[in-house]
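Reviewing the structure listed below.
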Amino acid sequence: MSSPAFRSLPLSTTQLSLAAVLRCGQSFRWSVLPLSDQHSPHEYRLCLRDRVVCLRQTSDTLLYRSVYLPQPSSPKEEAVKDAETLAWIRDYFQLDVDLMELYSQWSSMDPVFEKVKDRFEGIRILRQDPFECLLSFICSSNNNISRITKMVQSLCTQYSPPLLSLPPPKDGTEGPLVPYHPFPPPSALAAPEVAAKLRSLGFGYRADFIQKTAKMLVDAHGNDTSTSMQEPAEKWLLTLRQLSTSDARTELLKFMGVGRKVADCVLLMSLDKREVVPVDTHVHQIAVKHYGLPGSSKSKATMTPKLYDDVSMKLVEKWGDYAGWAHSVLFTSDLKAFANYGLDGSSSSPSLSKIAMPSSASPSPTKRKRATTKAVEGNTVTDAVASTVEEFDELSLAERVKRRRQVCLKVSAK
DNA sequence: GGTGTACCCGCT
DNA sequence: GCGGGTACAC
C-alpha cells in the first residue's frame with residue numbers, strides 16, 4: 001500500500017488536542033501509534049468505510065492523509081479524495097466552532113473552569129457517527145475506557161472485514177502490516193447468534209443489548225445490504241439530528257441497554273445536542289465537590305432520575321449553550337488517565353481533583369426550581385433544556401417500559 | 001413513581 | 001467490592 005505524503009492544516013492545539021480528544025472516552029476506535037518525532041509523538045488512525053484517515057499534530061499544524069480503497073487512479077482523483085478527507089476532518093472535529101471563544105466564555109462564567117482551562121486546552125466534542133456512538137456507549141455501562149476500547153475493537157474485527165492493511169508509521173522502518181476494519185453496519189450485528197459470540201468475547205450482559213439494539217434497528221428500518229455505503233438504519237439515526245433534544249432522546253431510550261446516561265452521550269457526541277450534559281457518578285462527584293450540588297462527596301448515592309436531572313440542569317445553568325462541551329473539559333480533567341496531561345512545565349494548572357472546593361460552595365439550593373420561568377418564547381438554552389427535562393420526567397417508567405416492549409414485540413413478531 | 005438488585009468482567 | 005448503568009420487579 002502506498003504512503004502518500006501528509007497534507008497540512010494550520011490549527012493550534014488550543015483549538016484541538018488530539019492527545020486529549022481521541023483518548024478521553026468519546027470515540028473508542030482510534031489507533032494511537034508511537035512516533036519518534038518529538039513534535040508529534042503519535043500518529044492517530046481511524047478506519048472509515050473507504051479510507052483510513054491518519055493524523056499527526058504539532059503545536060500549530062494538523063497533518064493529515066488518507067489511504068483509500070479503491071486507490072485513486074490518478075493524482076487528480078487523489079486530490080479530490082484528499083479534499084473529501086479534509087471536509088470530513090472539519091466536520092468530525094467541528095472545526096467551525098471556535099474553542100478559544102468558548103473557553104473564555106466558560107471562564108468568565110465559572111471560576112472552577114478558569115482554574116483548569118490552561119492545562120486542558122483543545123478539548124472539544126467530536127461529531128461521531130450515531131450508530132457507532134450508540135453501540136460504543138451501550139458498551140460503556142459499568143465499564144472503563146480501556147475495556148470499552150477492547151470491546152469496540154472486537155466488534156470491528158469480528159463483524160466487519162478489513163478494508164486494507166498498513167505498516168506502522170515508524171519513520172523509515174518497515175513493520176508488519178496491520179489490518180484496519182471499519183465499524184460494522186447494523187445488519188452484521190442483528191443475528192441472534194451474535195449475542196452468544198459477544199458473550200464469549202467478554203462483553204458480559206452488554207452482548208444481548210448490542211444484538212437486540214442492532215436487530216431493532218434493522219427490523220424497524222430494513223437492511224439494504226446492497227453495495228450502498230450506509231444502511232437505512234444508519235441513515236435513520238442520522239435524521240435524529242433534525243429532531244429536538246427531547247424527541248431524539250425519546251427515540252434513543254427505546255433501544256435495549258440505553259438509559260438516560262447512554263442516550264445523553266449519543267445526543268451530545270453524535271446528534272449535535274451540544275447543551276446536553278451526560279451525568280454519571282463521576283460527573284455527580286464533580287458537581288457535589290465544585291458546584292454545591294446536594295450529596296455527600298463520599299457516599300455514592302444511586303443515580304435516580306431526579307438526581308440526574310438536578311445535576312444536569314445545574315451544570316447547564318452554569319455553562320449555558322455549549323454546556324455539554326464544557327462538561328467534557330471538566331470530565332477529562334478529572335480522568336485519572338490524564339493526571340499528568342499537560343504538565344510540560346509551561347503550565348501550572350492543577351487537575352480538577354487537586355482544586356479545593358470553593359469555601360462558599362453555593363449554599364445547597366433549598367430546592368431545585370423547575371423551569372417555571374419561561375423566558376422569551378423558550379429561547380434561552382437553559383429554558384430549552386429545562387423543558388426537555390420536564391418532559392422526560394413526565395415520561396413514567398411504566399410508559400418507557402411499555403414503549404420498549406412494543407418495539408421488542410414488533411421485532412420478535414417478524 | 002421511587003427504590004432495590006442482578007448483571008459480566010477486570011481492576012484496586 | 002466496586003465501577004463511566006440498565007432492566008426488571010416491587
Side-chain angles (χ1 to χ4, degrees), chain A residues 23-28 123 125 133-155 194-213 216 249 252-269 276-288 298-312 315 324 327-339 352-353 368 370 389-409 411:
Chain A
R23 298 199 281 193
C24 68
Q26 291 191 52
S27 170
F28 302 92
I123 297 173
I125 294 294
C133 195
L134 178 63
L135 266 57
S136 298
F137 282 93
I138 286 175
C139 293
S140 78
S141 71
N142 258 315
N143 214 341
N144 54 57
I145 290 179
S146 106
R147 183 149 82 114
I148 300 166
T149 302
K150 283 179 194 141
M151 289 162 67
V152 171
Q153 269 178 14
S154 288
L155 286 181
V194 169
K197 177 72 177 289
L198 290 181
R199 265 184 192 270
S200 76
L201 289 168
F203 279 64
Y205 58 83
R206 305 163 199 84
D208 301 271
F209 294 161
I210 302 253
Q211 183 268 326
K212 286 191 170 121
T213 289
M216 286 169 76
R249 181 185 285 126
L252 293 174
L253 287 173
K254 293 174 183 171
F255 296 107
M256 291 299 291
V258 179
R260 177 72 189 267
K261 159 67 165 53
V262 170
D264 280 1
C265 286
V266 176
L267 288 170
L268 174 65
M269 301 177 194
V276 171
V277 177
V279 177
D280 49 41
T281 54
H282 219 163
V283 170
H284 179 221
Q285 293 305 310
I286 294 176
V288 169
K298 36 181 283 186
S299 77
K300 283 136 192 176
T302 52
M303 186 56 60
T304 64
K306 169 162 168 44
L307 179 56
Y308 189 112
D309 287 344
D310 286 348
V311 173
S312 191
L315 296 178
H327 139 278
S328 172
V329 178
L330 270 283
F331 179 77
T332 302
S333 79
D334 206 40
L335 277 179
K336 283 180 197 152
F338 285 77
L352 188 58
S353 55
R368 277 284 79 254
R370 280 302 180 193
V389 162
E390 272 193 351
E391 285 178 41
F392 182 85
D393 236 8
E394 289 162 7
L395 190 59
S396 72
L397 182 59
E399 182 60 18
R400 289 175 57 201
V401 170
K402 201 163 92 186
R403 289 189 196 186
R404 206 190 291 273
R405 286 250 173 70
Q406 282 171 350
V407 182
C408 287
L409 285 175
V411 164

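Residue numbers begin at 1 in each chain, while the letters A, B, ... track the order of the sequences. Not measured: the values here are computed from a predicted model.
If you take CD1 of A:Ile210 and P of C:dG5, they are 16 Å apart, rounded to a whole angstrom. For the pair A:Leu201 CG and B:dG10 C1', the computed distance is 16 Å after rounding to whole Å. The CD1 atom of A:Ile145 sits 12 Å away from the P atom of C:dG5 (whole-angstrom rounding). Rounded to whole Å, atom P of B:dT5 lies 18 Å from atom CE of A:Met303. Distance A:Arg260 CZ to B:dG1 P: 18 Å, rounded to the nearest Å. Atom pair A:Asn143:CG and C:dG3:C1' shows a separation of 9 Å (rounding to whole Å applied). Distance, A:Met216 CE to C:dA7 C1': 13 Å, rounded to whole Å. Between A:Leu134 atom CG and C:dG5 atom P the separation is 17 Å, expressed in whole Å.
For A:Leu335, the side chain to side chain contact (heavy atoms under 4.5 Å, CB included) test picks out A:Cys24, A:Ile145, A:Phe331, A:Phe338, with sequence neighbours left out. Judged as a side chain to side chain contact (heavy atoms under 4.5 Å, CB included), and not counting sequence neighbours, the contacts of A:Lys150 are A:Ser146. Contacts of A:Asp280 classified as salt bridge (charged side-chain N to carboxylate O under 4.0 Å, His left out), with partners at least two apart in sequence or in another chain: none. Residues that satisfy the side chain to side chain donor-acceptor pair (under 3.5 Å) test with A:Arg147, not counting sequence neighbours, are A:Asn143. Applying the side chain to side chain contact (heavy atoms under 4.5 Å, CB included) rule to A:Ser136 yields the partners A:Phe28, A:Glu132, A:Val152; only residues at least two apart in sequence or on another chain are considered.
With C:dG4, C:dT6, C:dA7 as the choices, the nucleotide that has an atom nearest any side-chain atom of A:Asp280 turns out to be C:dG4. In the set C:dA7, B:dT3, C:dG4, C:dG4 carries the atom at the smallest distance from any side-chain atom of A:His282.
Using a 4.0 Å heavy-atom cutoff across all strands shown, A:Cys139 reaches no nucleic acid atom at all. Counting any heavy atom pair closer than 4.0 Å across all strands shown, A:Val283 reaches no nucleic acid atom. Counting non-hydrogen atoms under 4.0 angstrom, A:Ile138 reaches nothing in the nucleic acid.
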Atom pairs, protein N/O to nucleotides 7-9 of chain B N/O, distance under 3.5 Å:
| residue | atom | partner | partner atom | Å |
| --- | --- | --- | --- | --- |
| B:dC8 | OP1 | A:Arg199 | NH1 | 3.3 |
| B:dC8 | OP1 | A:Arg199 | NH2 | 2.6 |
| B:dC8 | O5' | A:Arg199 | NH1 | 2.6 |
| B:dC8 | O4' | A:Tyr205 | N | 3.2 |
| B:dC8 | O2 | A:Arg147 | NH2 | 3.0 |
| B:dC8 | O2 | A:Arg206 | NH1 | 3.0 |
| B:dC8 | O2 | A:Arg206 | NH2 | 3.4 |
| B:dC9 | O4' | A:Arg147 | NH1 | 3.1 |
| B:dC9 | O4' | A:Arg147 | NH2 | 3.3 |
| B:dC9 | O2 | A:Arg147 | NH2 | 3.4 |

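Taking a pair as Watson-Crick or G-U wobble with both distances under 3.5 Å, DNA chain B forms stems of 3 or more consecutive pairs at B:2-7 with C:5-10, B:9-11 with C:1-3.
Separation of atoms CZ (A:Arg206) and CG (A:Leu198) is listed at 11.5 Å; rounding is to 0.5 Å. The structure places CE of A:Met151 at 5.0 Å from CZ of A:Phe203, a figure rounded to the nearest 0.5 Å. Distance check, rounded to the nearest 0.5 Å: OG of A:Ser328 to CD1 of A:Ile123 gives 6.0 Å.
Taking side-chain N and O atoms only, A:Thr281 has a distance below 4.0 Å to OP1 or OP2 of C:dG4.
Here, B:dC8 and C:dA9 have their P atoms 15 Å apart, quoted to the whole Å. Between the C1' atoms of C:dG4 and B:dT3, the separation comes to 22 Å (whole Å).
Evaluation of the salt bridge (charged side-chain N to carboxylate O under 4.0 Å, His left out) test over residues 195-205 of chain A, restricted to residues two or more places apart or in two chains, returns A:Arg199-A:Asp208.
In terms of heavy-atom proximity, A:Leu307 sits nearest to A:Thr302 at CD2-O, 3.8 Å.
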